[in-house]
Each structure stands twice: as C-alpha cells, then as structure tokens.
Amino acid sequence: MGLYWAVLVYPSNPEKVVVLGLEVVGTTGLSDGLSLCNHHPILRKGKAKRDQSGETRETDGGTDQIVLTFPMPPQAQAPSSGGGGGAAWRYLLLLLTGLPLALAALAFVLQWRGGGVDDPTARWPPHAFPGMTDPTPPSFLSSSSSSSSSSSACAQVLTASSGPSFPYLRGWSFPFDSHAALHPKVCVQTSTSAGLDQILPWLFYHKVVGIAQFLLFVEGKAAKPQVAGVLESIPGVKVVYRTPELEEQQARSRIWNETWLASFFYKPCNYELFVKQSLNMEMAIVMARDAGMDWIIHLDTDELLYPGGGAEYSVRHLLAEVPGDVDMVIFPNYESSIERDDIKDPFSEVSMFKKNYDHLPKDTYFGMYKEATRGNPNYFLTYGNGKSAARVQDHLRPNGAHRWHNYAKSPNEIKLEEAAVLHYTYTKFSDLTSRRDRCGCKPTKDDVKRCFMLDFDRAAFIIASTASEEEMLRWYNERVVWNDKQLNLKLLRKGVLTRIYTPMAIVQGLRESGVFTSSIAASQSLVNDKVSLKENNALNRNGTKIEKVSRKFITVNSQASARKILQAVEPTGRDSNVYAVPPLSPPSLDVHLVELS
C-alpha cells in the first residue's frame with residue numbers, strides 16, 4: 001500500500017489549488033505512479049512525469065497543469081501489520097545513535113589507567129626494553145635530614161613534574177659499560193665546575209645517544225662531596241679531582257717542553273682554562289684506552305652532541321659508519337638563540353639554534369650576515385670551529401680543546417654534513433656575572449685581550465663589570481636574546497636559524513621519569529660518607545702545610561711520566577709546525593669582501 005499526494009494547479013484560476021490524497025494498494029513504484037495518473041478520473045487529463053528523486057511530478061494537458069508529489073516508498077516492503085515500516089526506521093535510528101556512544105565508552109575504558117585497571121606496562125618483562133633492568137618506579141628524594149643542601153638546590157630543575165611522560169625510561173640502568181655493549185665504544189671527557197642541575201641532564205642525555213664512558217675532571221662546585229658523590233655513583237662515570245697531586249703530575253707533562261701550546265702558557269682566565277683542558281685531555285686519552293674505548297670526544301657541560309643524519313639518533317651508530325682510515329671526525333657547532341631573558345634550564349627550554357657556516361650555502365651565509373649578527377662582533381657570540389672526535393690509537397695527543405692530533409702522522413679527518421654540537425652559550429642572564437666572577441682581569445679593552453680570546457667574551461666581561469643590573473639586562477636583550485619574531489621567521493625561512501626539539505624532548509622525558517632524582521637518592525649513602533670523611537680530615541689535620549702547586553703550573557725540565565700513547569715516538573717534522581687550535585670565530589663579512597675585491 002502506498003500513499004501519494006496530488007496537487008492540481010489551474011492556470012486559468014491561480015488561486016484555485018486542489019490537493020488530493022490517493023491510496024494505491026500493492027507494491028508501488030514508478031510504474032504505479034504513471035498508472036495512477038493515466039487511470040484516475042481527475043489526473044487522467046495530463047501525463048505524469050516522474051524524476052529520479054520521486055519528489056515532484058508535473059503534467060500538462062489542455063488548460064490544466066497538475067503537480068504530483070510522491071514519497072519514496074521502500075524498494076521492498078514485506079507484508080506486515082500496519083506501522084511495520086516505521087518501526088524499522090526507529091530501530092535503524094536507535095542503532096545509529098547507540099553505536100557511536102558504545103564506541104566512545106569503549107575508547108574511554110581502553111584509555112583508563114585507574115579504577116582497578118592495571119597499567120599494561122607493568123606486565124611487561126624487564127627485558128622488554130634495552131637497559132631496563134628494574135621496571136619499578138624510581139624512589140625520589142626524601143625529606144629526611146640526611147638530604148644534602150646541593151640536592152635541594154637542584155630540586156626545581158631535577159625533580160619530576162606531575163607525571164612521567166616517558167614511562168619506559170623508569171628504572172633504566174644504561175649499561176653501556178657492560179661487555180655486551182655494542183661497538184664502537186665512545187668516551188666523552190670534560191673539565192667542569194658546574195653543579196648537578198647542569199651535569200646530570202648533560203650526562204644522561206649523552207647516555208641516551210650512545211656514550212659509554214664519561215671522564216669528568218672536576219673542581220669548584222663539581223668537586224664538592226654533595227655533587228661528586230652523586231656522579232661517582234653513576235655507572236660508566238669516572239671522576240678525577242683537581243688535587244695538588246694531579247697538578248704536580250700534569251706539571252711534568254711533555255706538553256710543557258713542546259711548542260704547539262706554548263703561546264697559551266702563563267696567561268689568565270680563558271688561556272689558563274685552555275691549557276688546563278689540554279692537559280686533562282692528554283690524561284683522558286690514556287684512561288680511554290685502558291677502558292677499551294674506540295673514540296674520544298672533548299665536550300663542555302654546556303654542549304650537547306646532535307647526531308643528525310644517522311640511521312638512528314645515536315652517536316655510536318654515526319661513528320660506526322666512519323671509514324676505518326679516518327682518524328678524526330669534526331662536528332660543526334650550532335649556537336643557541338634564546339628567545340627570552342628568563343631561561344632557567346637551557347636544555348629543556350631552548351629549541352632555536354643558529355647554523356654553522358659549514359652547513360649553509362655560502363651565498364646565504366654572507367647574504368644574511370649582517371641580519372644574523374645583529375650588531376655583535378661576529379656571526380657567533382663565541383667559537384665557530386666546532387668540536388671533534390678522535391679514534392683512540394697510538395701517539396694520539398690533544399691539539400687544544402677543539403681538535404686532536406697525532407705525534408706520528410697528520411690525522412685523516414672528515415667533517416660531518418648534518419651532525420653537530422649544540423652550544424648553549426650565554427643562555428642564562430646569570431652567565432654574564434658568573435663568567436665575570438671567574439676572572440680577575442681589569443674591565444679595560446687592553447686588559448681583556450690578555451684574558452679572553454673572543455671579542456664577545458671581552459665585551460660581555462666589560463659590561464658585567466661596569467654596568468648596573470638594569471643596563472646589563474638591556475644589553476643582554478639587545479645582543480643575546482632573539483625577541484624580534486619577524487627577523488626570526490625570516491632567518492628560519494632562509495635556513496640560517498633552525499629548530500631542533502629532540503634534545504629538549506629527551507631531557508624533559510628523563511626528568512619527568514625521575515632518572516635524575518633517583519640517581520641522587522641512590523647516592524645518598526656515598527655522599528654522606530664523603531661528607532663525613534671530609535669533616536674528619538679537617539679535624540685531624542696536624543698543622544702540616546701542604547705545598548700548593550702554582551695555578552699557572554710549574555715547568556719541570558724532566559722526562560714525562562710513563563704514557564702508553566704519548567711517549568712512543570718523538571714529534572715528526574710536520575707535527576712541529578702544528579699549533580693548538582683555539583676557539584675561532586666563523587668567517588667574517590669583511591674578510592669575504594676583501595677576498596672579492
């Protein structure tokens with residue numbers, strides 16, 4: 001049975017409209033509508049035309065015009081009691097309404113992590129992830145009186161946030177020093193006086209990217225028991241203290257009798273640090289070889305290795321692809337470009353970096369040079385000649401903090417096209433005063449040349465020594481902070497600036513997973529023992545005065561102590577003409593213009 005509406009319109013009388021309700025028994029379709037028009041006494045005057053929608057019918061015959069409107073009946077309607085078709089539509093509507101609600105409820109249940117539903121990660125075996133030896137969450141610092149003051153001072157930087165975003169990092173032991181570790185084994189050496197808030201993120205980040213061994217030459221804050229005790233408790237870390245015995249041993253190094261570092265001897269501040277770093281690198285070569293390391297890299301604790309271009313985000317994989325005849329791999333450095341003056345944790349808050357000259361087209365570099373320098377002396381605030389990794393082998397020696405050399409040959413070196421060292425320089429406003437406090441030079445243009453190698457360091461020292469805090473902050477925003485968003489966007493599009501988020505994500509994940517705090521908590525017994533030992537030594541001193549070696553190092557005309565790497569051969573003729581590579585600024589625009597003229 002089908003229902004139809006017939007609307008009759010008479011052109012001779014537009015106000016006259018007739019609406020008829022017609023009922024046809026049986027299954028109705030297109031042919032039924034046509035038959036209805038042909039046989040009904042009123043509709044017979046016209047011929048009905050039915051479109052595909054079945055909504056409108058128009059017939060014209062004689063003076064009358066008839067418009068028919070038909071509903072679309074079901075294609076097949078089983079004979080049933082009245083209202084069966086309506087019930088089917090109601091069931092369909094109920095299904096379409098209830099199905100999304102059911103799916104939403106299912107999704108909520110699957111994502112739920114409480115209410116008696118176990119976390120699936122808790123059911124995974126300990127070996128499900130490399131390095132995960134204990135799947136239990138780490139224990140955080142307690143509020144007991146035994147907690148050290150340095151630990152609480154680092155709490156804001158090292159403690160976890162509201163919840164771990166990387167639960168798979170919980171309980172990692174990073175066993176890269178085990179015999180089962182893959183090759184090549186990479187060692188990082190540093191000389192530092194920083195605290196745990198800087199060293200721990202730096203150290204564990206490099207563990208994540210594949211560093212197996214750390215040789216930390218510590219002094220100042222880093223040598224305090226509350227800091228050094230934590231570092232010594234971490235597997236794969238060797239702490240070397242700057243003691244009078246160490247200085248005496250380094251004073252007898254063969255380096256003092258050679259010329260490649262002589263121009264840096266007996267000068268204050270950065271020159272003294274440069275010599276100290278070179279002597280520490282010399283000792284680190286022997287330690288790295290004894291530990292079975294294949295590569296050694298010198299880094300500062302404000303630098304992170306960025307293994308771009310590798311099959312994996314791994315320094316080890318990157319160096320594994322280096323040909324066997326290559327002795328040294330150079331990592332060009334990128335410099336941090338901060339966008340605020342209130343940075344507290346650079347590794348977690350800085351994502352914008354200025355690319356190195358070696359990773360830019362020459363036309364782009366010099367074409368955007370003035371906009372990229374923003375009135376500063378050079379393209380980079382500090383150095384621009386990168387850092388290097390050296391293959392541990394016979395006759396290896398340092399060549400300053402940025403390069404390595406070999407007494408027996410000129411090393412074969414390559415420069416990486418995508419990997420880099422990320423240098424977080426002057427990222428905190430307090431860096432101005434902290435650098436000033438480490439140096440006793442006079443804030444004059446002549447005297448700062450005696451203390452600092454780079455122009456920006458000299459300018460920053462003078463400002464920090466002579467200006468008020470308000471003036472320092474204004475100068476810092478003009479010279480260091482990148483707060484011009486339009487300029488930033490332009491340089492990002494040109495490729496001079498770039499965004500790198502991976503180190504930030506790794507450090508944040510490590511922090512939120514409790515890796516830093518669990519390391520501090522696990523070392524408290526060792527820290528307490530060190531503090532007690534230091535106090536006992538201070539009480540038990542009998543007044544014997546220990547002779548202190550000069551900070552500028554004494555020159556001893558004697559044979560160097562036995563060194564398996566450094567004493568094997570005398571320098572070659574080519575080596576005598578090689579001098580230490582200091583921190584160097586990138587190529588300047590003035591030099592480029594002179595070359596073109």
Side-chain angles (χ1 to χ4, degrees), residues 188-194 198-199 201-203 205-206 209 211 270 273-274 277 281 297-308 315 318 329-340 343 345-360 365 372-374 376-389 400-403 415-432 434-435 438 452-460 476 479-482 491 496-504 506-507 581-587:
V188 164
Q189 181 272 332
T190 190
S191 302
T192 183
S193 59
Q198 181 172 333
I199 297 177
W202 173 87
L203 191 150
Y205 167 83
H206 284 107
V209 300
I211 303 301
N270 278 13
L273 175 62
F274 191 74
Q277 289 174 330
M281 291 167 68
I297 308 172
H298 167 79
L299 288 177
D300 296 326
T301 51
D302 62 351
E303 298 169 334
L304 298 180
L305 288 171
Y306 172 65
V315 176
L318 196 67
V329 176
I330 298 174
F331 290 78
N333 64 294
Y334 290 6
E335 191 172 80
S336 59
S337 301
I338 61 172
E339 299 168 83
R340 310 193 322 268
I343 299 293
D345 180 25
F347 295 153
S348 297
E349 298 180 54
V350 178
S351 64
M352 190 167 72
F353 296 86
K354 189 187 293 185
K355 281 188 175 181
N356 193 281
Y357 166 79
D358 293 320
H359 286 183
L360 285 173
Y365 176 81
T373 54
R374 302 187 309 154
N376 286 315
N378 297 294
Y379 175 77
F380 277 162
L381 301 182
T382 55
Y383 74 90
N385 52 334
K387 291 295 183 71
S388 60
H402 296 263
R403 294 292 185 271
K415 187 174 293 184
L416 297 177
E417 297 181 355
E418 297 182 66
V421 169
L422 305 180
H423 187 201
Y424 295 77
T425 184
Y426 288 99
T427 49
K428 295 186 288 187
F429 176 65
S430 59
D431 290 343
L432 287 178
S434 62
R435 293 176 184 236
R438 291 198 300 264
F452 299 97
M453 305 179 197
L454 299 172
D455 294 331
F456 186 86
D457 288 333
R458 297 168 181 171
Y476 185 76
R479 299 302 184 93
V480 181
V481 181
W482 291 75
L491 294 178
V496 175
L497 296 177
T498 186
R499 294 282 185 183
I500 300 177
Y501 295 102
T502 308
M504 175 190 295
I506 291 175
V507 172
V581 178
L584 299 173
S585 297

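Aromatic pair Tyr424/Phe353: ring centres closer than 6.0 Å.
Side chain of Arg438 to backbone of Asn270: no donor-acceptor contact under 3.5 angstrom is found. In this structure, Asp455 contributes its side chain and Asn378 its backbone to no donor-acceptor pair below 3.5 Å. No side-chain donor-acceptor contact under 3.5 Å links Asn385 to the backbone of Pro583. At distances below 3.5 Å, not a single donor-acceptor pair connects side-chain atoms of Asp300 with backbone N or O atoms of Asp302. A donor-acceptor pair under 3.5 Å is absent between the side-chain atoms of Asp358 and the main chain of Glu417, judged by distance alone. A donor-acceptor pair is defined here as one N or O able to donate and one able to accept, closer than 3.5 Å; no such pair exists between the side chain of Ser336 and the backbone of Ile338.
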Legend entry - Verdict with reasoning, Thr301 to Gln198, per side-chain hydrogen bond (donor to acceptor under 3.5 Å, both in side chains): CA-CA 7 Å; Thr301 51; Gln198 181 172 333; 3.0 Å; yes
Legend entry - Criterion side-chain contact (heavy atoms from CB on, under 4.5 Å) on Ile330 and His402, from CA distance to verdict: CA-CA 9 Å; Ile330 298 174; His402 296 263; over 6 Å; no
Inset, instruction - Give the intermediate values and the outcome of side-chain hydrogen bond (donor to acceptor under 3.5 Å, both in side chains) for residues Glu335 and His423. - result: CA-CA 5 Å; Glu335 191 172 80; His423 187 201; 4.7 Å; no
Inset, instruction - Please assess Tyr426 against Asp457 for the test side-chain hydrogen bond (donor to acceptor under 3.5 Å, both in side chains), listing each intermediate value before the final yes or no. - result: CA-CA 10 Å; Tyr426 288 99; Asp457 288 333; 2.7 Å; yes
Legend entry - Ser351 and Arg499: CA distance, side-chain angles, deciding distance, side-chain hydrogen bond (donor to acceptor under 3.5 Å, both in side chains) verdict: CA-CA 5 Å; Ser351 64; Arg499 294 282 185 183; 3.0 Å; yes
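The CE atom of Met281 sits 10.5 Å away from the CZ atom of Arg403 when rounded to the nearest 0.5 Å. From Ile297, atom CD1 reaches atom CD of Gln189 across 11.0 Å, with rounding to the nearest 0.5 Å. Between atom CG of residue Leu203 and atom OG1 of residue Thr190 there is a gap of 10.0 Å, rounded to the nearest 0.5 Å. Rounded to the nearest 0.5 Å, atoms CG (Leu318) and CZ (Phe331) are 5.5 Å apart. Once rounded to the nearest 0.5 Å, the distance linking CG of Leu422 with CG of Leu299 reads 10.5 Å.
At a threshold of 4.5 Å between non-hydrogen side-chain atoms, the residues Trp202 and Thr192 do not count as touching. The shortest side-chain heavy-atom distance between Phe380 and Thr425 does not fall under the 4.5 Å cut-off. Between Asp431 and Tyr476 the shortest side-chain heavy-atom distance does not fall below 4.5 Å. In this structure, the side chains of Arg479 and Phe456 come closer than 4.5 Å at one or more pairs of heavy atoms. The side-chain heavy atoms of Val421 and Leu305, taken from C-beta on, include a pair separated by under 4.5 Å. Using a 4.5 Å heavy-atom cutoff, the side chains of His206 and Leu304 are in contact.
Listed here is the closest heavy atom pair of Thr427 and Ile343: O-CB, 3.3 Å. Summarising the geometry of Leu497 relative to Ser337, their closest heavy-atom pair is CD2-OG, 3.7 Å, with the distance given to 0.1 Å. Heavy-atom minimum distance, Gln277 versus Ala401: OE1-CB, 3.3 Å. Of all the heavy atoms in Pro307 and Val315, the pair that sits closest is CB-N, 3.9 Å. Smallest separation of non-hydrogen atoms from Lys428 and Pro346: CG-CG, 4.2 Å. Residues Tyr379 and Pro586 approach most closely at CD2-CG, 3.9 Å, considering heavy atoms.
Each of Lys354, His359, Lys355 was scored for a side chain to side chain donor-acceptor pair (under 3.5 Å) with Tyr334, with one residue passing: His359.
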